[in-house]
Amino acid sequence: KKPENRDVTGTGSLATLWNEGESHSYGGYIMVVFGDLDGNFLIDLDDWAELRAMLAGSRPAKMAADSPYFFAADVNHDALVDEADLALLYRAALGTAAIAQTY
């Protein structure tokens, strides 16, 4: 379910830390939502299709091994992106399983 707070974004979004008193940023963090492979904060069958395509060898450019999307694809947190992740992501997209958001 997408949060009602529209300021929340998904995988690949940049969260920047600001000091308002000094009017400059202290850096940023790339967000990762495990299972969100298209960056819309939802875990659905579109994400499952992205992972299926990657595992079939037609990896989208954003799924390079060093991307936040590839990291988000390791939904079972075993340091591999494989068929086990595909199966868990499918169940999560259907609402019959949960994906832990801590690694």
Side-chain angles (χ1 to χ4, degrees):
K1 180 178 174 189
K2 191 166 187 166
E4 294 192 22
N5 178 350
R6 297 192 186 267
D7 294 334
V8 175
T9 54
T11 298
S13 298
L14 177 65
T16 304
L17 303 176
W18 284 89
N19 180 330
E20 290 185 30
E22 298 176 20
S23 298
H24 70 277
S25 71
Y26 283 98
Y29 296 91
I30 301 294
M31 295 178 62
V32 171
V33 177
F34 289 101
D36 174 27
L37 307 186
D38 58 10
N40 68 355
F41 195 78
L42 300 174
I43 297 171
D44 56 22
L45 290 174
D46 291 338
D47 301 302
W48 175 78
E50 290 270 342
L51 182 54
R52 191 175 89 186
M54 186 204 77
L55 292 174
S58 56
R59 172 185 288 179
K62 71 178 183 181
M63 292 294 282
D66 62 348
S67 80
Y69 300 98
F70 187 82
F71 188 63
D74 182 15
V75 295
N76 66 358
H77 311 303
D78 67 353
L80 300 171
V81 177
D82 57 16
E83 295 292 328
D85 296 299
L86 187 66
L88 176 55
L89 184 54
Y90 183 76
R91 291 191 319 273
L94 295 179
T96 62
I99 296 173
Q101 293 301 314
T102 57
Y103 192 83

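Being a predicted model, the structure only gives us computed values, none of them experimental.
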L45 reachable from L88 in the ILVMFWY side-chain graph, under 4.5 Å edges: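 Yes, because L88 and L45 connect within a single hydrophobic cluster, where side-chain heavy atoms sit under 4.5 Å apart.
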Kindly compute the distance separating CD1 (I30) from CG (L14), expressed to the nearest 0.5 Å.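 Here the interatomic distance stands at 5.0 Å.
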Atom NE2 of H77 and atom CD1 of I99: how far apart are they, to the nearest 0.5 Å?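 These two atoms lie 7.5 Å from each other.
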Measure the acute angle between the ring planes of F34 and F71, then classify it against the limits of 30° and 60° as parallel, tilted or perpendicular.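 Tilted: the ring planes of F34 and F71 meet at 30° to 60°.
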For residues [X] and [Y], report the shortest heavy-atom separation together with the two atoms involved.
{"X": "D74", "Y": "Y103", "answer": "OD2-OH, 3.2 Å"}
{"X": "Q101", "Y": "V32", "answer": "OE1-O, 4.4 Å"}
{"X": "L89", "Y": "V75", "answer": "N-CG2, 4.1 Å"}
{"X": "I43", "Y": "G35", "answer": "CG1-C, 3.9 Å"}
{"X": "P68", "Y": "G12", "answer": "CG-CA, 4.1 Å"}
{"X": "A84", "Y": "N76", "answer": "CB-ND2, 3.6 Å"}

Applying the side chain to side chain contact (heavy atoms under 4.5 Å, CB included) criterion to T11, which one of L37, D38, V33 satisfies it?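 By the side chain to side chain contact (heavy atoms under 4.5 Å, CB included) criterion, T11 pairs with just one of L37, D38, V33: V33.
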Is there any side chain to side chain donor-acceptor pair (under 3.5 Å) pair reaching into residues 81-90, and which pairs are they, with sequence neighbours excluded?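 Sorted pair list comes back empty.
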With sequence neighbours excluded, residues passing side-chain contact (heavy atoms from CB on, under 4.5 Å) with T102: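 Testing T102 for side-chain contact (heavy atoms from CB on, under 4.5 Å), a comparison that skips the adjacent residues, returns none.
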Pairing residues for D44 by the side chain to side chain donor-acceptor pair (under 3.5 Å) criterion, not counting sequence neighbours: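 None.
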Check: E50 main-chain N/O paired with D46 side-chain donor or acceptor under 3.5 Å: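 Between the backbone of E50 and the side chain of D46 there is no qualifying donor-acceptor contact (under 3.5 Å).
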Quick one: does D47's side chain have a donor or acceptor within less than 3.5 Å of a partner on L51's backbone?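 It does not hold such a pair.
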